[in-house]
Amino acid sequence: MLAPSRARALASSAVITLPSFLVPAFQTTAASRSSPARLFSATTSRPSKLGTTPISIPPSVELAISEPRVRKDLTTWLNIARRTVTVTGPLGTLDLEIPPFLHIDHDVAARRAVLSVEDRNVKQQREMWGTTWAYLNRHIMGVSEGHTAVLRLVGIGYRATVETRPALETYPDQPFVILKLGFSHPVEMGCPPGVKASTPQPTRVLLEGINREVLMSFAARIRKWRVPEPYKGKGIFVNEETIKLKQKKIK
């Protein structure tokens, strides 16, 4: 080992040189020292494109916004006061709960509604801004025109009928979709309230309703019995659903 005096002399006389391409990275100026560190992204938060778009209300549809009320929510222990938007039309009535930070400017004369939030820089508020817009727009379309879903049964022997099952119904005159999908027994599925079913063709099932969420959820439960498979293209297809066929496995 070197003596302490000699080690200090070598340390003081040593000169560290950097390559030329690294010198600008270690140079600091007075402006850079005084300014705060920049974040990785310098872009500002933009408002929701859907949220800022006005919603047109047909003449036969009415909106009613209630006062904030505290309801028990199973997803949180906080007591959050929420408002309910009631959409009434010729086909029925739907209710939609909106968060407290979202406001609806309802112009009755112009027949339109504009949504806004308290703080656009909060991520949760920006997310619910467009989501609430989509739900409200679907409710308005549902009570005025209605939503539909067409299920196509593709397969040898696949058939569908709509019948009644008094012993199994949960509400009066509940229709049941009876499916023959190659099992040893027919599949019987009762329609949820507000959903109507019909079979214009033996391999087509037409679902109609005002609540699109309930309608598509029921269509997805029917589809689960025969999910489209990629080798023969057999299964239950919802609306314009397609599947890309694969080449058969050759051993």
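Along the sequence shown, the residues carry numbers beginning at 1.
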Beyond-backbone contact of [X] with [Y], side-chain heavy atoms, under 4.5 angstrom:
X    : Y    : answer
R159 : T203 : yes
R112 : I57  : no
T242 : F237 : no
I236 : I222 : yes
L136 : V85  : yes
M189 : V187 : yes
T52  : W133 : no
Q125 : E118 : yes

If every non-hydrogen atom of [X] is compared with every non-hydrogen atom of [Y], which pair is closest and at what distance?
X    : Y    : answer
L151 : A219 : CD1-CB, 4.0 Å
S144 : V61  : CB-CG2, 3.7 Å
G92  : I210 : CA-CD1, 4.2 Å
V114 : P54  : CG2-CB, 4.1 Å
L91  : G142 : CD1-O, 3.5 Å
I104 : A113 : CG2-CB, 4.1 Å

Next on the checklist: Please check this pair: side chain of T132 against backbone of W129, looking for a donor-acceptor N/O pair closer than 3.5 Å.
Outcome noted: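 No.
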
Does a sphere of radius 6.0 Å around [atom1] in [X] hold more than 12 heavy atoms from other residues, nucleotides or ligands, not counting ones at 6.0 Å or beyond?
X    : atom1 : result
R204 : CZ    : yes
L168 : CG    : yes
Y158 : OH    : yes
D119 : CG    : yes
Q201 : CD    : yes

Next on the checklist: Run the salt bridge (charged side-chain N to carboxylate O under 4.0 Å, His left out) test on R111 and E62 for me, step by step, so that the C-alpha distance in whole Å, both residues' side-chain angles and the decisive distance to 0.1 Å come before the verdict.
Outcome noted: CA-CA 9 Å; R111 307 294 302 177; E62 297 295 335; 3.7 Å; yes

Output the distance between atom [atom1] ([X]) and atom [atom2] ([Y]), rounded to the nearest 0.5 Å.
X    : Y    : atom1 : atom2 : value
L215 : R138 : CG    : CZ    : 11.5 Å
I65  : R83  : CD1   : CZ    : 6.5 Å
D107 : L63  : CG    : CG    : 11.5 Å
L94  : N211 : CG    : CG    : 5.5 Å
D105 : L115 : CG    : CG    : 9.5 Å
R82  : I98  : CZ    : CD1   : 10.0 Å

Next on the checklist: Using the side-chain hydrogen bond (donor to acceptor under 3.5 Å, both in side chains) criterion, which residues pair with E188? Sequence neighbours excluded.
Outcome noted: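 Once residues adjacent in sequence are excluded, the partners of E188 under the side-chain hydrogen bond (donor to acceptor under 3.5 Å, both in side chains) criterion are R165.
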
Would a hydrophobic clustering, with Ile, Leu, Val, Met, Phe, Trp and Tyr connected at side-chain separations under 4.5 Å, put [X] with [Y]?
X    : Y    : answer
M216 : V214 : yes
V143 : I55  : yes
V154 : W225 : no
I140 : Y135 : yes
V227 : V238 : no

Next on the checklist: Under the criterion side chain to side chain contact (heavy atoms under 4.5 Å, CB included), I'd like the reasoning laid out for Y231 against Q247: C-alpha separation, chi angles, the key distance, then a yes or no.
Outcome noted: CA-CA 7 Å; Y231 292 101; Q247 189 177 4; over 6 Å; no

Next on the checklist: If you apply the rule side chain to side chain contact (heavy atoms under 4.5 Å, CB included), what do you find for V87 with L96, and how did you get there?
Outcome noted: CA-CA 8 Å; V87 186; L96 176 64; 5.8 Å; no

Using residues 174-183 as the side-chain source, report each donor-acceptor pair under 3.5 Å to any protein atom, sequence neighbours left out, with the distance given to one decimal.
unit_1	atom_1	unit_2	atom_2	d
Q174	OE1	T170	N	2.7
Q174	OE1	T170	OG1	3.2
Q174	NE2	C191	O	2.9

Item to check | Ion pair E229/K246, N-O distance below 4.0 Å | outcome: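 No, no charged N to carboxylate O under 4.0 Å.
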
Next on the checklist: Tell me whether R223 is salt-bridged to E241, with the criterion being a basic N under 4.0 Å from an acidic carboxylate O.
Outcome noted: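 Yes, this pair counts.
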
Item to check | Contacts of type side-chain contact (heavy atoms from CB on, under 4.5 Å), residue T84, not counting sequence neighbours | outcome: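 If we apply the side-chain contact (heavy atoms from CB on, under 4.5 Å) test to T84, skipping adjacent residues, the hits are S66, R71, T86, D95, E97.
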
Checklist entry - Do E208 and H147 pass the side chain to side chain contact (heavy atoms under 4.5 Å, CB included) test, and can you show the C-alpha distance, the side-chain angles, and the key distance before you say yes or no? => result CA-CA 6 Å; E208 300 174 300; H147 298 287; over 6 Å; no

